[in-house]
Structures are given as structure tokens and as C-alpha cells.
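Note sheet for the following structure.
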Amino acid sequence: SQPDGYMISMLTGAFSARAAVAKALPYDPIKDFTFVTLVSGYPMVVATAPNSPIKSFADLISRARAAPFDVTYGMNLPGSVHHLTGELINVEAGTSLRGIPYRGNTQIVQDLLGGRLDVMIETGTIAFAQIRGGLLRGLAVSSRERFVLQPDIPAIGETLPGFEVMSWLGLAAPSGIPRPIVERLNHEVGEILK
């Protein structure tokens, strides 16, 4: 679109995850965009079925260490923030949780509730509502500390010190947009967020 400030895009953390792992994209993730502002940040959530024998994140790690590649996690597509979070858990915990890719949350939840998956990794934006509704049980959030919107769920860092993964929503415009337009958009969004 024209770099005039009338067409902007809401990007998610998937934008940066895809840029980091994709061999080729039909755009340059840096040169083709002007980044306007961060709108929000949110953690990833490790969750399980309410009746799961896995009772805590520490329990998950213990089981995964005892049975390499046997403990599974459902996640959205290879290379997603979900997948990268699972692999960072593996690196930091010395585990081999096995990521199972899906095209969306619905089938992951069905397989989790049906006992075909052990846990899932989902964005807080989706998982918190499912946890509050009793559909899932939250084991841990990936924010540095317990997340303000769901403080009853422990942070992964309580088991793996220093662990933090945050996804985000942000606004971007086409490259070449005049700086005064970017500054105005940034200012106005900041005022709305206040």
C-alpha cells in the first residue's frame, strides 16, 4: 500500500518468529516496514487438561527428563512462537519435549482433552479465557514473573530461573512513510493505551 498513513498493519510475535526461521519470505521483514509502536505484550502459557496427571510445571519437567521424547506438547506450526517457546524450554531444562504441530487451537485442545497430548503451549490471549472457563489448567506462563492478568499461574522462571518469552502486538506501516506520520500515529496510539 501507499506509505501515507492510511493503511497500517497489526503484527504479532509471529512476524518476528517467522522472519527468524523462514528461508525465504515474499517481503523483507525490516526494509519493507516502518514500525510504529508496540500495542501490547503477553506471555505464552503451558497448559494441560484439568484431569491431567501433570500437576505443575516442575512435574512436567521431571516427567520429560525421565522419559525423553515421550512427553508431547501441541503447538501452532513449526517455527511459531509456540514452537520456539517449547524448544527454549527444552534447551533451558535439558529436556526433549516433543512438539506436535497443528494448524490451530481447536484441534490441539481436543487432543489434549482426549489424552493424545500431554500439554500445549498457547498465547495468553487465548489460553487465559480457556483456563478461566475451566477447559484447561494453566501450569506456567512465560513472562519473567507471574502475569498480572493471571497471577495464580506460576512463571516458568520459578522452575527455570531467568526464563522469559513474551509475544506482542504492534503496528507497522509500509516503508517510506513520512516520519511525522509515524510520530503522530505513535503518539495517538500511546494516548489511547493510557
Is there a continuous path of hydrophobic side-chain contacts, each under 4.5 Å between heavy atoms, that joins [X] to [Y]?
| X | Y | answer |
| --- | --- | --- |
| Leu149 | Ile126 | no |
| Leu160 | Val71 | yes |
| Met44 | Ile54 | yes |
| Phe57 | Val119 | yes |

### Task
Verify side-chain contact (heavy atoms from CB on, under 4.5 Å) between Glu164 and Ser143, making sure each step is shown before the conclusion.
CA-CA 5 Å; Glu164 180 182 24; Ser143 46; 5.5 Å; no

### Task
Determine, step by step, whether Ile61 and Ile89 satisfy the side-chain contact (heavy atoms from CB on, under 4.5 Å) criterion, reporting the C-alpha distance in whole Å, the side-chain angles of both residues, the deciding distance to 0.1 Å, and the verdict.
CA-CA 9 Å; Ile61 297 304; Ile89 290 169; 3.9 Å; yes

### Message
Ring-plane angle category for Tyr27 and Phe15, please: parallel below 30°, perpendicular beyond 60°, tilted otherwise.
### Response
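The rings of Tyr27 and Phe15 lie parallel, inter-plane angle below 30°.
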
#### Entry: Polar contact flag, side-chain donor to acceptor under 3.5 angstrom, Gln150-Arg132
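Yes, Arg132 and Gln150 have a side-chain donor paired with an acceptor closer than 3.5 Å.
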
### Query
Any side-chain donor-acceptor pair under 3.5 Å between Asp32 and Ser175?
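No, no side-chain donor-acceptor contact under 3.5 Å.
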
### Query
Do any N or O atoms from the side chain of Ser80 and from the backbone of Leu77 form a donor-acceptor pair under 3.5 angstrom?
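Yes, Ser80 side chain to Leu77 backbone: donor-acceptor pair under 3.5 Å.
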
### Message
Main chain of Val36, side chain of Asn186: is a donor-acceptor contact present, judged purely on distance under 3.5 Å?
### Response
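Looks like yes, one N/O pair under 3.5 Å.
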
[atom1] of [X] to [atom2] of [Y]: how many Å apart, nearest 0.5 Å?
| X | Y | atom1 | atom2 | result |
| --- | --- | --- | --- | --- |
| Arg98 | Thr72 | CZ | OG1 | 6.0 Å |
| Arg18 | Thr12 | CZ | OG1 | 11.0 Å |
| Leu171 | Ile8 | CG | CD1 | 4.5 Å |
| Tyr6 | Ser1 | OH | OG | 13.0 Å |
| Leu112 | Glu122 | CG | CD | 11.0 Å |
| Ser142 | Phe163 | OG | CZ | 6.0 Å |

I want to check something: taking the side chain as every heavy atom from C-beta on, are [X] and [Y] in contact at a cut-off of under 4.5 Å?
| X | Y | result |
| --- | --- | --- |
| Met7 | Pro174 | no |
| Met120 | Met75 | no |
| Ile153 | Leu139 | no |
| Val165 | Leu88 | yes |
| Leu117 | Ile100 | yes |
| Leu11 | Phe35 | yes |
| Tyr73 | His83 | yes |
| Leu60 | Leu97 | yes |

### Task
Check whether the ring centres of Phe128 and Tyr42 lie less than 6.0 Å apart, and answer yes or no.
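So the answer is no for these two rings.
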
### Task
Begin with the C-alpha distance, continue with both residues' side-chain angles, and end with the deciding distance and a verdict on side-chain contact (heavy atoms from CB on, under 4.5 Å) for Val182 and Arg179.
CA-CA 5 Å; Val182 173; Arg179 192 80 202 145; 3.7 Å; yes

Of the non-hydrogen atoms in [X] and [Y], which two are nearest, and what is the gap between them?
| X | Y | answer |
| --- | --- | --- |
| Ala127 | Val45 | CB-CB, 3.8 Å |
| Pro50 | Leu113 | CD-CD2, 3.9 Å |
| Arg116 | Gln110 | NH2-O, 3.4 Å |
| Ala17 | Val81 | CB-CG2, 3.8 Å |
| Ile177 | Leu185 | CD1-CD1, 4.4 Å |
| Gly176 | Pro3 | C-CB, 3.6 Å |

#### Entry: Partner of Pro43 by side chain to side chain contact (heavy atoms under 4.5 Å, CB included), out of Thr123, Val141, Thr85
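Passing option: Val141.
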
State whether the number of non-hydrogen atoms from other residues, nucleotides or ligands found under 6.0 Å of [X] atom [atom1] is greater than 12.
| X | atom1 | answer |
| --- | --- | --- |
| Arg184 | CZ | no |
| Ile30 | CD1 | no |
| Glu145 | CD | no |
| Glu191 | CD | yes |
| Arg137 | CZ | yes |

### Task
Go through Ser16 and Trp168 one step at a time and tell me if the side-chain contact (heavy atoms from CB on, under 4.5 Å) criterion holds.
CA-CA 10 Å; Ser16 54; Trp168 51 269; 3.6 Å; yes

